[in-house]
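What follows is a set of notes on a single structure, which appears directly below.
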Amino acid sequence: MALDRIRVRGGKVLRGEIEVGGAKNAALPMMAAALLTKESCRLRRTPLLHDVLTMAEILRVIGTDVRMEGRETHLQAKQLSGNEAPYDFVRKMRASVLLLGPLVSRFGFARVSMPGGCAIGLRPIDLHLKALKAMGAELTLSDGYVEAKAGRLKGVKHVFDQVTVTGTINAVMAATLADGSSIFQNCACEPEVTAMMDLLKSMGAKISGEGTSEIRVEGQTSLGGFDVDLIPDRIEAGTYLVAGAITQGDLFLRGAQASHLEAVLSKLRETGAEIKEDAEGIRVIGRSPILPTQIQTAPFPGFPTDMQAQFVSLLSLAEGTSTVTETIFDNRFMHVAELQRMGADLRVSGSTVTIAGVKQLAGAPVMATDLRASASLVIAGLAAHGTTEVLRIYHLDRGYESMETKLAGVGADIVRLKEHS
Ligand code: EPZ
């Protein structure tokens with residue numbers, strides 16, 4: 001499992017339909033939200049991803065009843081046996097920080113390991129802590145852990161120094177049980193944040209402004225359970241749209257919501273791909289030549305950082321020079337060195353990579369690093385001449401359910417090689 005690798009033989013044109021799964025970055029906070037109530041909670045269309053299993057494990061460790069039946073996840077936190085997110089979990093998954101808000105707000109205490117330096121930059125949690133402190137939590141740092149204590153949190157008016165997706169979610173979750181009303185400004189507007197606000201409202205939380213940069217919350221004394229369908233995973237959908245474009249294929253992403261991907265769809269059109277969207281999903285028809293473009297990542301509705309690596313692969317084969325600027329994370333170009341091994345002509349200076357399109361890429365053994373960088377290497381392998389082996393694909397399994405099966409189903413020559421083979 002840990003050292004499985006994926007082998008792709010490039011040059012196949014992808015044609016057919018792929019079903020989009022539930023959104024990982026909505027599932028993780030929604031699972032944490034079960035801590036806000038002692039009632040039973042149900043999450044439908046749960047993606048079977050490593051990160052989801054890790055979140056389930058952490059919740060069980062602190063006493064939450066978590067049962068996964070197929071894609072239905074049942075959770076109930078009647079009372080807890082602990083309130084600590086141990087380093088071992090946080091090291092594997094930074095999203096463990098999402099336990100902080102619910103634990104402090106419902107139980108008055110939380111102990112969460114500081115996330116180690118993640119693959120994509122240092123990614124601290126200072127913005128989360130600042131919001132909780134503003135609500136009256138007492139924070140202490142000791143041996144790599146942050147402890148947060150509070151009698152009952154108080155409503156607050158708080159402006160985030162920087163847009164943070166899980167920071168916004170953590171603060172709003174804490175505010176739902178605080179004493180009084182809160183106003184949060186400079187909030188994230190990602191679809192996963194909006195989906196979380198809808199979930200909290202279905203639990204009885206009083207929230208307004210979701211989807212805008214100002215979210216208002218009236219604290220309650222308790223919340224009910226939830227029973228929700230997950231929104232589709234826009235990054236999974238975007239990743240396969242790029243796979244269709246780079247192979248000059250014709251793919252239909254069933255369940256993809258265009259309103260979650262406007263910036264990605266418009267950039268795909270700029271590279272020459274044809275995009276058709278309807279209530280059922282999104283169709284991409286790849287065209288040759290691939291045209292160059294300029295991309296700058298930004299918070300939603302801007303171009304998502306989680307699609308940056310995938311577009312670097314696509315633009316490596318464009319007819320002309322493109323630039324991609326990463327403004328969200330400070331070290332999210334790990335895929336560049338690996339793509340250069342495949343013959344891509346890339347130059348990084350500061351937060352911008354300049355891409356001089358080449359006629360073709362050559363298959364090679366490459367190393368996966370972070371989740372989306374791994375996806376970009378598979379995408380490059382689909383179009384490269386020869387065989388590409390992507391090593392350490394546990395990174396991929398964190399955020400993509402059976403990628404090789406979905407791609408093989410639309411014509412890719414791709415297999416997963418078990419570590420001993
Ligand atoms: C969420 O991470 C996503 N993860 C990420 O997806 C995504 O890349 C990111 O948002 C940006 O869209 C989940 O939702 C589980 P941030 P998050 O807080 O919330 C800095 C994937 O591939 N920052 O919005 O952790 C941070 O370093 C993952 O699915 C602080 O400085 O990201 C980054 O530079 C990767 N202090 C920027 O803000 C803080 O307290 C945005 O981070 C928090 C963040």
Side-chain angles (χ1 to χ4, degrees), residues 21-33 47 49-52 54-55 58 89-90 92-101 112 114-134 139 146 148 158 160-173 186-196 213 230-231 233-239 260-261 263-264 297-310 326-335 351 368-376 395-401 403:
K24 164 177 90 81
N25 291 349
L28 298 177
M30 289 178 173
M31 292 169 77
L49 299 170
H50 213 77
D51 275 5
V52 168
T54 303
M55 182 60 91
I58 302 175
F89 287 115
V90 180
K92 277 192 291 191
M93 184 182 69
R94 180 187 144 75
S96 325
V97 72
L98 283 163
L99 271 66
L100 206 51
V112 175
M114 294 291 281
C118 180
I120 41 178
L122 285 174
R123 302 185 67 191
I125 56 169
D126 55 322
L127 300 173
H128 299 240
L129 301 178
K130 220 169 159 180
L132 290 175
K133 195 161 184 302
L139 301 174
V146 62
H158 179 72
F160 287 100
D161 296 348
Q162 192 179 340
V163 174
T164 160
V165 173
T166 49
T168 300
I169 292 172
N170 234 340
V172 171
M173 283 200 286
N186 199 20
C187 293
C189 312
E190 270 66 6
E192 294 77 22
V193 176
T194 303
M196 260 309 283
S213 63
L230 264 175
I231 57 171
D233 192 315
R234 63 196 168 97
I235 306 301
E236 183 194 25
T239 302
H260 294 169
L261 281 166
V264 170
T297 64
F300 192 85
F303 187 92
T305 171
D306 292 350
M307 284 300 302
Q308 178 257 106
Q310 299 89 316
E326 172 58 61
T327 69
I328 306 289
F329 290 107
D330 59 13
N331 172 21
R332 206 173 192 179
F333 284 139
M334 260 82 64
H335 44 295
S351 60
T369 50
D370 84 86
L371 163 58
R372 307 305 174 181
S374 322
S376 77
H395 291 286
L396 210 59
D397 295 333
R398 291 189 49 187
Y400 293 95
E401 190 179 332
M403 176 180 268

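All ligand and atom numbering here is 1-based and tracks the order in the structure. Everything numeric in this text was worked out from a predicted model, so none of it was measured.
When the heavy-atom distances from atom 44 (C) of ligand 1 to M196, H395, R94, M55 are ranked, the shortest goes to R94. Distances from atom 40 (O) of ligand 1 to the heavy atoms of L371, D330, L127, V163 put L127 nearest. Residue D306 holds the heavy atom nearest to atom 28 (C) of ligand 1 of all those in N331, D306, T164, N170.
Counting the atoms of ligand 1 from 1 in the order shown, those under 4.0 Å from a heavy atom of N25 are 3 (C), 4 (N), 6 (O), 13 (C), 14 (O), 15 (C), 21 (C), 29 (O). Listed by number with element, the atoms of ligand 1 under 4.0 Å from a non-hydrogen atom of Q162 are 20 (C), 31 (O), 37 (C), 38 (O). Atoms of ligand 1 lying under 4.0 Å from any heavy atom of K24, numbered from 1 in the order shown and given with element: 21 (C), 29 (O). Numbered from 1 in the order shown, with element, the atoms of ligand 1 that lie under 4.0 Å from a heavy atom of R332 read 8 (O), 22 (O), 35 (C). If you number the atoms of ligand 1 from 1 as listed, the ones under 4.0 Å from a heavy atom of R372 come out as 21 (C), 22 (O), 29 (O). When each atom of ligand 1 is checked for a heavy atom of T305 under 4.0 Å away, the hits are 8 (O), 11 (C), 12 (O).
Atom CE of M334 is separated from atom NE2 of H395 by 9.0 Å, given to the nearest 0.5 angstrom. The CG atom of L49 lies 10.0 Å from the OG1 atom of T54; values are rounded to the nearest 0.5 Å. To the nearest 0.5 Å, atoms CE (M55) and CE (M30) are separated by 12.5 Å.
Looking at ligand 1, you'll find an N or O of I328 within less than 3.5 Å of one of its N or O atoms. In terms of polar-atom proximity, defined here as any N/O pair under 3.5 Å, V165 does make such a contact with ligand 1.
For D306 and R332, the salt-bridge test passes: some basic side-chain N is under 4.0 Å from an acidic carboxylate O. Contact check on K24 versus D233 returns no salt bridge, with no Lys/Arg side-chain nitrogen under 4.0 Å from an Asp/Glu carboxylate oxygen.
Of all the heavy atoms in T239 and Q310, the pair that sits closest is OG1-NE2, 3.1 Å.
One side chain, T297 or E326, offers a donor N or O that lies under 3.5 Å from an acceptor on the other.
Between the side chain of E190 and the backbone N or O of F300, at least one donor-acceptor pair lies under 3.5 Å.
For the pair P124 and ligand 1, a heavy-atom separation below 4.0 Å is found.
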